[in-house]
Amino acid sequence: MAPSFFNTLSGKIEEFRPLQDNEVRMYACGPTVYDYGHIGNFRTFVFVDILRRYLKQHYKLRHVINITDVDDKIIRNAGQAGVPIGEYTKKYTQAFLEDSAALNIEEPQIVRATDHIQLMAEFIKKLVDNGHAYRTDDGSYYFRISTFPQYGKLSKKDFSGMEDGARVDVDEYEKDSARDFALWKAPKPGEASWDTVIGPGRPGWHIECSTMSMKYLGDSFDIHCGGEDLIFPHHENEIAQSESLTGKQFAHFWMHARFLLVEGEKMSKSLGNFYTVRDLVLMGHKPSSIRFLLTSVPFRKQLNFTFDGLTQAANSVERLRTFALRLQKAQLPEGKSASMQQLADATVQGIESALADDLNTAQALAAVFDMVRDANAAADAGQLKQGDVEPLQKALQKFDAIFAVLHDDDAVKVKRIIEWAESEGKQDKISEQARAIAASASVGDAEIEKLIAELQEARRAKNFARADAIRGELNQQGIIVEITRDGVRWRRK
RNA sequence: GGCGCGGUAGCCAAGUGGUAAGGCAGAGGUCUGCAAAACCUUUAUUCGGCGGUUCGAUUCCGCCCCGCGCCUCCA
């Protein structure tokens, strides 16, 4: 079944088919590395990851994201910090990769703007040669919007009333039309500058994405995605540049993630509701909780990110992990039941059809939780058989290949972030909860299993005092022990 | 002002022209050395408000109220 996605370009949900055979080529706008990524950034990146993982299940995928490592904010911040921009961006690029990994975001092919400056200059030169761009007296270059009649087709804006040739002074640059956007910025004292075929300077914001996406994916490719704020002007400008150069349609599908709200309000530093991934982890929230909350709301719906929601997400993940553990550890009778096979099949089908419907993650989750409930009920009734485990686990894998929250490595991830906070002198931001979660990071499975075996021995001997002591000891190390009719189970806090 | 999106139980949230998925939280129960986990029952006569179309609307249309986004560099 071909999936359908909402395409910003057409404004409709459309059936998706790759342009070439069974291969999808996708470009996602990555971060501008001027600071640590916040939860809003990662809503978009998690959405892209969900899309990536979904596509990978069905197609061959070439997925590229860019890192913008030269722009006004970077130049400003690096200047304030008194370090070269390369050094400055390296730090935040690294942070972005770490935070992405913490949220189980798979790493696509990553390309950097500063590695493609010459290519961008050549791109601009061609635009000048074919009349779509012009140079101003100071050595900057602008795209002439009046040469691209379709300008506004993505953002649904009407620029037909624009006067061409009316020179308007904007800032210190002279543009032919106020709407014309910068392709290339003339050098300024103290700012990074490159010598190129079109002269010295640095690229404007939009040109990098056109240049790099076309280099790695071709003149026309399947999907281009990012946050909704990029629709205009960023993506609109990319279309104008790219299609003016090639005469071909640039990206065919444009997919944009909706902005999130934090506690019902737009996230902003002034409102004090601005959180980075690291902030949240240090406050005691697991990366898996953050990912779950971010994935649980379909990407085109405004997501209200709240601390209550984070707790709810943590509990939901716990339920899923507990079920996965039960399948793994339960002592079951031999045999296999048709009803469980059916349940697993229906779940896989439910996940698939939900995601094929414009990545309806909320509905996919409902399918999984339905399975968890029914399979748990069967297990409680003694009707779950050994042969049922495999299909149910496969259905869980189908789910987790997209959602990626089942594997429990939160302790290690939280520990790393705590260590980072300590190295940055942010000890005061490390909560007790975060330390409790991280406590088990250095305790190996084998070590735990050994104590669990002792605990089981004590229980067999009805030595409950000893059993409770062991449980208490494990609890100190960040391990929760549960005694079930299927035996003793443990998990990390 | 222009263009666009949304308002569903305490919270998060899916969905359909025919009578409200799922999760979290709460209440009661089963099970249990304890603690959990799990299961069962229960929690919206109702889907922002008012009209309209219809045999019937939460779902379509109009108006209003509220929230949010974009309108040159914020994911």
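All values below were derived from every heavy atom in this structure, side-chain atoms included, with hydrogens, water molecules and symmetry-related copies excluded. Owing to the predicted nature of the structure, the values given are computational and were not obtained by experimental measurement. Proteins come first, then strands; the chains are lettered A, B, ... in the order of their sequence lines, and each starts at number 1.
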- Item | Atom-to-atom span, CG of A:Asn77 to P of B:C73 - whole angstrom | 16 Å
- Note on the structure: The nucleotide from B:A38, B:C34, B:A75 with an atom nearest the side chain of A:Arg459 is B:C34
- Listed nucleotide nearest any side-chain atom of A:Thr484, set B:G22, B:C73, B:A36: B:A36
- Message: Once you apply a heavy-atom cut-off of 4.0 Å, does A:Asp71 come out as touching a base, just sugar-phosphate, or nothing?
- Response: nothing
- Query: Quick one: is B:A36 close enough that its OP1 or OP2 comes under 4.0 Å of any side-chain N or O from A:Arg471?
  - Reply: no
- Message: Does the structure place the NZ or CZ of A:Lys157 under 6.0 Å from the centre of the six-membered ring of A:Phe232, at an angle of no more than 45° from the ring's axis?
- Response: yes
- Message: Tell me whether the side-chain N/O atoms of A:Asn360 come closer than 4.0 Å to OP1 or OP2 in B:G15.
- Response: yes
- All heavy atoms of A:Asp49 vs all of A:Asn104, minimum pair found to be OD2-O, 3.4 Å
- Query: Choosing from B:A38, B:C12, B:C68, which nucleotide comes nearest the side chain of A:Leu261?
  - Reply: B:C68
- Which part of the nucleic acid, if any, lies within reach of A:Phe464 when heavy atoms closer than 4.0 Å are counted: base, sugar-phosphate only, or nothing? base
- Query: A:Phe259 on top of B:A75's base, within under 5.5 Å and under 30°?
  - Reply: yes
- Query: Taking atom P of B:G23 as reference, at what distance in whole Å does atom CZ of A:Phe399 sit?
  - Reply: 13 Å
- Between B:C71, B:G15, B:C39, which one does the side chain of A:Arg319 approach most closely? B:C39
- Note on the structure: Closest to the side chain of A:Ala362, out of B:C68, B:C73, B:A13, is B:A13
- Note on the structure: Rounded to whole Å, CG of A:Asp357 lies from P of B:A13 at a distance of 18 Å
- Please walk me through it: do A:Arg466 and A:Glu454 pass salt bridge (charged side-chain N to carboxylate O under 4.0 Å, His left out)? CA-CA 9 Å; A:Arg466 173 67 185 142; A:Glu454 276 183 48; 2.8 Å; yes
- For the rings on A:Phe148 and A:His132, is their centre-to-centre separation under 6.0 Å? no
- Taking the P atom of each, how far is B:C24 from B:U41, in whole Å? 15 Å
- Pairing nucleotide - B:A27, Watson-Crick or G-U, each distance under 3.5 Å: B:U41
- Query: Are A:Asn41 and B:A75 close enough that a side-chain N or O sits under 4.0 Å from OP1 or OP2?
  - Reply: yes
- Audit row: A:Arg492, A:Asp445, salt bridge (charged side-chain N to carboxylate O under 4.0 Å, His left out) steps and yes/no: CA-CA 10 Å; A:Arg492 296 170 191 272; A:Asp445 287 8; 2.7 Å; yes
- Query: For atom P, what is the distance between B:G17 and B:C31, given to the nearest Å?
  - Reply: 45 Å
- Query: When the distance from CG of A:Leu327 to C1' of B:A38 is rounded to whole Å, what number comes out?
  - Reply: 13 Å
- If we take the P atom in both B:G6 and B:U43, what is their distance in whole Å? 31 Å
- Task: Once you apply the 3.5 Å cut-off to both distances, tell me the Watson-Crick or G-U wobble partner of B:G67, or none.
- Result: B:C5
- For the rings on A:Tyr92 and A:Tyr88, is their centre-to-centre separation under 6.0 Å? yes
- Query: What does B:G33 pair with, Watson-Crick or G-U, if both distances are under 3.5 Å?
  - Reply: none
- Query: For A:Gly309, which contact category applies under a 4.0 Å heavy-atom criterion: base, sugar-phosphate, or nothing?
  - Reply: nothing
- Query: In the structure shown, which nucleotide is the Watson-Crick or G-U wobble counterpart of B:A21, with both distances under 3.5 Å?
  - Reply: none
- Task: Check whether any side-chain N or O of A:Lys156 sits under 4.0 Å from OP1 or OP2 of B:C70, and answer yes or no.
- Result: no
- Query: Which residue, A:Phe45 or A:Leu303, contacts RNA chain B at a nucleotide closer to its 5' end, judged by nearest heavy atom?
  - Reply: A:Leu303
- Task: Describe, in one word, how the ring planes of A:Phe369 and A:Phe292 are oriented to each other, choosing from parallel (under 30°), tilted (30 to 60°) and perpendicular (over 60°).
- Result: perpendicular
- Any side-chain N or O of A:Arg300 less than 4.0 Å from the OP1 or OP2 oxygen of B:A13? no
- Message: Taking any heavy-atom pair under 4.0 Å as a contact, classify A:Asp308: base, sugar-phosphate, or nothing.
- Response: sugar-phosphate
- Message: Counting the atoms with a prime plus P, OP1 and OP2 as sugar-phosphate, which does A:Ser316 contact under 4.0 Å by heavy atoms, base, sugar-phosphate, or nothing?
- Response: sugar-phosphate
- Can you tell me how far C1' in B:A75 sits from the matching atom in B:C70, rounded to whole Å? 13 Å
- Query: Quick one: on RNA chain B, does A:Ser296 or A:Glu482 contact a more 5' nucleotide (nearest heavy atom)?
  - Reply: A:Ser296
- Task: Looking at every strand, decide which applies to A:Phe96 at a 4.0 Å heavy-atom threshold: base, sugar-phosphate, or nothing.
- Result: nothing
- Item | Below 4.0 Å: OP1/OP2 of B:A25 and any side-chain N or O of A:Asn315 | yes
- Give one of base, sugar-phosphate or nothing for A:His38, where a contact means two heavy atoms less than 4.0 Å apart. base
- Any strand, both distances under 3.5 Å, Watson-Crick or G-U wobble: B:G51 pairs with B:C61
- Query: Between B:C65 and B:G49, how far is it from one C1' atom to the other, in whole Å?
  - Reply: 7 Å
- Please check the phosphate of B:U72 (OP1 and OP2 only) for any side-chain N or O of A:Tyr142 closer than 4.0 Å. no
- Query: Under 4.0 angstrom, heavy atoms only, what part of the nucleic acid is A:Leu230 near: base, sugar-phosphate, or nothing?
  - Reply: sugar-phosphate
- Message: Under 6.0 Å between ring centres: does that hold for A:Tyr275 and A:Tyr36?
- Response: no
- Answer with base, sugar-phosphate or nothing: what part of the nucleic acid does A:Phe181 contact at a heavy-atom distance below 4.0 Å? nothing
- Give a yes or no on whether a donor-acceptor pair under 3.5 Å exists between the nucleobase atoms of B:C11, that is its base, and the side chain of A:Gln312. yes
- Message: Work out how far the C1' atom of B:C64 is from that of B:C71, and round it to whole angstrom.
- Response: 25 Å
- Query: Counting side-chain heavy atoms from C-beta on, which of B:G69, B:G22, B:C12 comes nearest to A:Val297?
  - Reply: B:C12
- Task: May I ask you to say what A:Lys266 touches in the nucleic acid, namely base, sugar-phosphate or nothing, with a heavy-atom cut-off under 4.0 Å?
- Result: base
- Query: Taking the side chain of A:Phe232 as its heavy atoms from C-beta onward, which of B:G23, B:G33, B:C70 lies nearest to it?
  - Reply: B:C70
- Task: For A:Pro298, report the nucleic acid contact type (base, sugar-phosphate, nothing); a contact means any heavy atom under 4.0 Å.
- Result: sugar-phosphate
- Query: When rounded to the nearest Å, what value does the distance between P atoms of B:U42 and B:G4 take?
  - Reply: 45 Å
- Message: Rounding to an integer number of Å, can you tell me how far A:Asp380 CG sits from B:U41 P?
- Response: 13 Å
- Among B:G67, B:G33, B:A37, the one nearest any side-chain atom of A:Arg258 is B:G67
- Message: Can you tell me whether the side chain of A:Asp468 and the base of B:G33 have a donor-acceptor pair closer than 3.5 Å?
- Response: yes
- Query: Just checking A:Ile483: base, sugar-phosphate only, or nothing, at a heavy-atom cut-off of under 4.0 Å?
  - Reply: base
- For A:His407, does its backbone N or O pair with a side-chain atom of A:Arg321 as donor and acceptor, under 3.5 Å? yes
- Take the protein atom CG of A:Leu455 and the nucleotide atom C1' of B:C34, then report the distance between them rounded to whole Å. 12 Å
- Message: Counting the benzene-type ring for Trp, do A:His206 and A:Phe181 have ring centres under 6.0 Å apart?
- Response: yes
- Item | Span that lies between the P atom of B:G2 and that of B:U45, in whole angstrom | 38 Å
